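Scroll down for the structure; my scribbles are underneath it.
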Amino acid sequence: MALQLRRLAAALGYPPQQVRALSQLGFGACYSSIASSDSSDYGVGTKPQDFQSWPNGGGSFHKSASIDPTAFVEFGAVVHSKSVVGEHVCIGSGAVIGPGVSVGQSTKIGYNVSLSNCTIGDSCIIHNGACIGQDGFGFMVDEHGNMLKKPQKWKDLIVFLPCSSLHPKMLNARIGNCVEIGANTCIDRGSWRDTVVGDHSKIDNLVQIGHNVVIGENCMLCGQVGIAGSVTVGDYVTMGGRVAVRDHVSIVSKVRLAATSFVTRDIKEPGDYGGFPAVPIREWRRQVAIHSRTSTKRNP
């Protein structure tokens, strides 16, 4: 199991010297405590009597939450412990503001939105059904063939890594100011760095943003875009519908990706790209033209 822990640490981005330090650590019985989620993340353990009705809207809030008097918490919404809700925030029915979540002023949260392990900036719009701050998708197989969940919380793994350069902290999803997030979009929290969406970025419906992704400012992501974990995206990047980006790829600022493109490697120059794999748009158009002519000759 020690080998599995070293592989896990490497996957989470630890430097080689820190990964080697894991060879002297036991894994076995401690894995369950690493991989399990802290019950406080989901409000487990809170008592019904700790919740009260919010006078402006009739929603429920935990007595330890900090809610501005101007905030509107609609009936059926729940604000959990130690959360902070700013001025003129509107929270729709069925929305859940998880423990420790911060929501900036003038933000509108739609019906059935789930927020956990995240901070939301000012003047954002989060449409119905969006989920922000859940665990990323990460699993590994042990020597017995069992599928094990990778730890998604730095503070859980850190206690087993006696390296002075590492400091325990909770990793979240951080949404900037004036961001709009479409219905049923999912944004995972970070596992080795925060997941970030920059100011003024706009995200369409049904978009998946994996853990540790950093998206710059003024980006636009159209419907069904899928971004795998640990991707870094610059500012003013536009992704057409159903664009896919593989994990650990970097995209510079001022890039536009045509719909259904697939980014398999770093994009280091601004411009327009398209295709599978994504290449400069002129090259992609030449590829399409050549393929079309070839197909016509073969099937007159």
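Source: prediction; values computed, not measured. Along the sequence shown, residues carry numbers from 1.
Going from atom OG of S60 over to atom CH2 of W54 covers 12.0 Å, rounded to the nearest 0.5 Å. Atom-to-atom distance recorded for N184:CG and C186:SG is 7.5 Å, nearest 0.5 angstrom. In this structure, CZ on F61 lies 12.0 Å from OG on S83, to the nearest 0.5 angstrom. Annotation: the span from I132 atom CD1 to L115 atom CG amounts to 5.5 Å, rounded to 0.5 Å. For the atom pair OG of S123 and CD of E180, the computed distance is 12.0 Å after rounding to the nearest 0.5 Å. To the nearest 0.5 Å, atoms CD (Q287) and OG (S292) are separated by 13.5 Å.
When side chains are defined from C-beta on, K108 does not count as touching H127, because their heavy atoms never get closer than 4.5 Å. Residues T107 and I125 are not in side-chain contact: their nearest non-hydrogen atoms beyond the backbone lie 4.5 Å or more apart. A 4.5 Å side-chain heavy-atom check between V73 and N56 finds every atom pair outside the cut-off. In this structure, S106 and D122 have side chains that are not in contact, with every pair of non-hydrogen atoms separated by 4.5 Å or more. For the pair T185/L206, no side-chain contact is recorded, criterion being any heavy-atom separation below 4.5 Å from C-beta on. A 4.5 Å side-chain heavy-atom check between V288 and R286 finds every atom pair outside the cut-off. You'll find the side chain of H80 reaches within 4.5 Å of the side chain of V78, heavy atoms only. Counting only heavy atoms from C-beta outward, the side chains of I175 and T119 never approach each other to under 4.5 Å.
Here salt bridge (Lys or Arg N to Asp or Glu O under 4.0 Å) pairs that include residues 54-63, with residues two or more places apart or in two chains, are D50-K63. Among residue pairs with one or both ends in residues 251-262, those qualifying as salt bridge (Lys or Arg N to Asp or Glu O under 4.0 Å) are R256-D272; sequence neighbours excluded. Evaluation of the ring-ring contact (aromatic ring centres under 6.0 Å, His included) test over residues 249-284, restricted to residues two or more places apart or in two chains, returns F262-F276. Among residues at least two apart or in separate chains, there is no salt bridge (Lys or Arg N to Asp or Glu O under 4.0 Å) pair with a member in residues 72-97.
More than 12 heavy atoms of other residues, nucleotides or ligands lie within 6.0 Å of NZ in K202, so this atom counts as buried by the packing criterion. At most 12 non-hydrogen atoms from other residues, nucleotides or ligands lie less than 6.0 angstrom from CD of E269. For CZ of F72, the number of neighbouring non-hydrogen atoms (other residues, nucleotides, ligands) closer than 6.0 Å is greater than 12.
Other members of the cluster containing V214 are V196, with ILVMFWY side chains joined at under 4.5 Å, either directly or via other members.
G86 and A71 get closest at one heavy-atom pair: O-CB, 3.8 Å. Smallest separation of non-hydrogen atoms from G58 and S53: O-OG, 3.7 Å. Of all heavy-atom pairs between N177 and D199, the closest is N-OD1, 2.8 Å. Of all heavy-atom pairs between C124 and C178, the closest is SG-N, 3.8 Å. Closest approach of D188 and G136 over heavy atoms only: OD2-CA, 3.5 Å. Among all heavy-atom pairs drawn from D142 and N146, the shortest one is OD1-N, 2.8 Å.
By the side-chain contact (heavy atoms from CB on, under 4.5 Å) test, S114 pairs with C131, sequence neighbours left out. Qualifying side chain to side chain donor-acceptor pair (under 3.5 Å) partners for S66, counting only residues two or more places apart in sequence or in other chains: none. Remark: H62 pairs with F51 by the ring pair (Phe, Tyr, Trp, His ring centres under 6.0 Å) rule, at least two apart or across chains. Listed by chain and number, the residues in a side-chain contact (heavy atoms from CB on, under 4.5 Å) with R285 are I281 (sequence neighbours excluded). Looking at residues two or more places apart in sequence or on another chain, you find a side-chain contact (heavy atoms from CB on, under 4.5 Å) between D266 and V249, S250, K268.
The side chain to side chain donor-acceptor pair (under 3.5 Å) test with R189 singles out one residue from D135, T195, N212, N172, and that residue is D135.
No continuous path of ILVMFWY side-chain contacts below 4.5 Å connects I290 to V279, so the two sit in separate hydrophobic clusters.
Not one N or O on the side chain of S261 forms a donor-acceptor pair closer than 3.5 Å with the backbone of L257. In this structure a side-chain-to-backbone donor-acceptor pair under 3.5 Å is present from N117 to G133.
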Check against side-chain contact (heavy atoms from CB on, under 4.5 Å), V113 and N128: CA-CA 6 Å; V113 169; N128 303 339; 5.6 Å; no

Derivation of the side-chain contact (heavy atoms from CB on, under 4.5 Å) call for V85 and D68 | CA-CA 6 Å; V85 177; D68 189 273; over 6 Å; no

**Q.** Step-by-step side-chain contact (heavy atoms from CB on, under 4.5 Å) determination, V103 to V84
**A.** CA-CA 6 Å; V103 180; V84 178; over 6 Å; no

Step by step, would you call L148 with V141 a side-chain contact (heavy atoms from CB on, under 4.5 Å)? CA-CA 6 Å; L148 302 178; V141 180; over 6 Å; no

Cut-off 3.5 Å, no hydrogens considered: what does the side-chain donor-acceptor table look like for residues 231-245, sequence neighbours left out?
| unit_1 | atom_1 | unit_2 | atom_2 | d |
| --- | --- | --- | --- | --- |
| T232 | OG1 | R193 | NH2 | 3.0 |
| D235 | OD1 | E217 | N | 2.8 |

Expected list for residues 218-228: side-chain donor-acceptor pairs under 3.5 angstrom, two or more places apart:
none

